[in-house]
Amino acid sequence: MSASSSATPSAAQVRSLFRSLQRVARNFPDYNIREYVKRRTVDAFRENATLSDPSSISSAFSHGESQLALLKRQALVYSLYTPSLRSVMELQQPPF
Amino acid sequence: MASVSATSLSFQPSLKLSTRTSQACYKTIVCVGWSRKSLPSLRSSRFRICAVQAQPETVQKVCDIVRKQLALPPESELTPDTKFSALGADSLDTVEIVMGLEEEFGITVEEDGSQNISTVQEAADLIEKLVQDKTAPS
């Protein structure tokens, strides 16, 4: 694990983390998890958007990075056990 | 080109046909929200005659995504040159819009490419280029 820099992450790094989190959401075969990850990242980043204290910014950033690593692992595990029956929300046309 | 604009001013469904036959000249479609019937597929009657790279359908789709992402009311004006920041979007919104465009068009936007997108037109041009790059080497 790379040592988290003590310097405050730049805005570009924060945006890059946001994109990575949104991208990893696509790897989940489960519709619910995908939508939740997208919602949760948006909520968390908006909530922390007004932070100004450098230490809290870096702690939030490192929290996000650890969550990203977790999501990558879990996406792999979930994809091993994909159910054959997908969620009804993913049906292209309504059943009736 | 002036004659083309005259034929496209009517609000009838035949408007769609007239724009299709004149696809050869790419027109910037002004995404005005007050089109008489609020059908997303109905081309707006007002447009500027200038040659641009992006197709009207692409610009229209980008407009729809931006509108949905920023929760804009239908009557707000959204031209291809409107800056996202003018619509009240911060950088997070811009990233979300780019992600939405990636999913819609099945493309992958590079990190530095997404930094420069600030208007609808730039997004549509980038999408066009990426779609062409994707289909060309096949």
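Keep in mind that the numbers below use all heavy atoms, side chains included, and drop hydrogens, waters and symmetry copies. Below, chains carry the letters A, B, ... as their sequence lines are ordered, and counting in each starts from 1.
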Smallest separation among heavy atoms of B/Thr108 and A/Arg23, with atom names: CG2-NH2, 3.9 Å
Could you see if [X] belongs to whatever hydrophobic cluster contains [Y]? Use Ile, Leu, Val, Met, Phe, Trp, Tyr and a side-chain cutoff under 4.5 Å.
X: A/Leu71; Y: A/Val14; answer: yes
X: A/Leu17; Y: A/Leu51; answer: no
X: B/Ile107; Y: B/Leu101; answer: yes
X: B/Leu130; Y: B/Val95; answer: no

Rounded distance [0.5 Å steps], OG1 in B/Thr94 versus CZ in A/Phe18: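 The OG1 atom of B/Thr94 sits 10.5 Å away from the CZ atom of A/Phe18.
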Separation between CE of B/Met99 and CG of A/Leu21, rounded to the nearest 0.5 Å: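 Output value for this atom pair is 9.5 Å.
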A/Arg46 atom CZ: more than 12 heavy-atom contacts under 6.0 Å: yes
Electrostatic pair B/Glu96-A/Lys38, nearest N-O below 4.0 angstrom: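 Between A/Lys38 and B/Glu96 there is no salt bridge, as every charged N stays at least 4.0 Å from the carboxylate O atoms.
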Steps toward side chain to side chain contact (heavy atoms under 4.5 Å, CB included) verdict (B/Leu92, A/Arg15): CA-CA 7 Å; B/Leu92 272 184; A/Arg15 275 197 290 269; 5.5 Å; no
Minimum side-chain heavy-atom gap B/Glu102-A/Arg26 below 4.5 Å: yes
